[in-house]
Amino acid sequence: MVAVERVREIVKKGCDEENWKFHILPTVKYARLLAEKLGADTDLAELGALLHDIGRIKFGGKDHEVTGIPEAEKILKRVNCPPEVIDEVRHCIESHRGSGSVKPGTKIARIVANADAMAHFDGIPFLLHLGLKKKNDLEKAVKWVRERIERSWNKLTIPEARESMRKKYEAAKLLISVENFK
Ligand SMILES: [Fe+2]
Ligand SMILES: [Fe+2]
């Protein structure tokens, strides 16, 4: 799909390097991998992964499962994506957080939500870096990262995704713990 290349460029351009390298790219990698394993459209999975956090990237974290939708639509229309692709990406965005009321109802949306969580296990140093920026206190940052790790683990609803992250999850639990400070 030609659109994927163009969307990749647009998202990369609008994204700070940290987010792109440590979160969006790993999410794309895992989305394509899961799509291959589950026999889903890899390009569609990549589009969902590229755009799942577009709201957070443009406007900040609050309600980004909502704010990202018009932004993604704008980008997808610009590259002439058909309405069914736009609908699928919209559903990926609205359902990716797990905390919201909309749950992933399609294979592609499940793949994107799982890939998003998987990316956190590759990016634990990045999470700690974000936690420190947010909390300005190491103990609070560790607690924040630990909560995110648990949340990400609980988001792994695809058995293959869960199994492939189990070792990293166990290691993260050992290393990222406020108990270690006591
Ligand atoms: Fe997100
Ligand atoms: Fe994300």
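Start at 1 and go down the list; that is how both ligands and their atoms are numbered.
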(request) Establish, yes or no, whether a centroid distance under 6.0 Å links the rings of H64 and H96. (result) yes
Less than 4.0 Å between a side-chain N and a carboxylate O, is that true for [Y] and [X]?
X: R32; Y: E36; value: no
X: E147; Y: K143; value: yes
X: K140; Y: D137; value: no

(message) Quick check on the Fe ion (ligand 2): does H23 put an N/O/S atom closer than 2.8 Å to it?
(response) yes
(message) For a distance under 2.8 Å, tell me if H120 has an N/O/S atom near the Fe ion (ligand 2).
(response) no
(request) Assess H52: does it contribute an N, O or S atom lying under 2.8 Å from the Fe ion (ligand 1)? (result) no
(message) I'd like the atom name of the N/O/S atom in D53 lying closest to the Fe ion (ligand 2).
(response) OD2
(message) Which atom name would you report as the N, O or S atom of D116 nearest the Fe ion (ligand 2)?
(response) OD1
(request) Evaluate whether atom NZ of K134 has more than 12 neighbouring non-hydrogen atoms of other residues, nucleotides or ligands under 6.0 angstrom away. (result) no
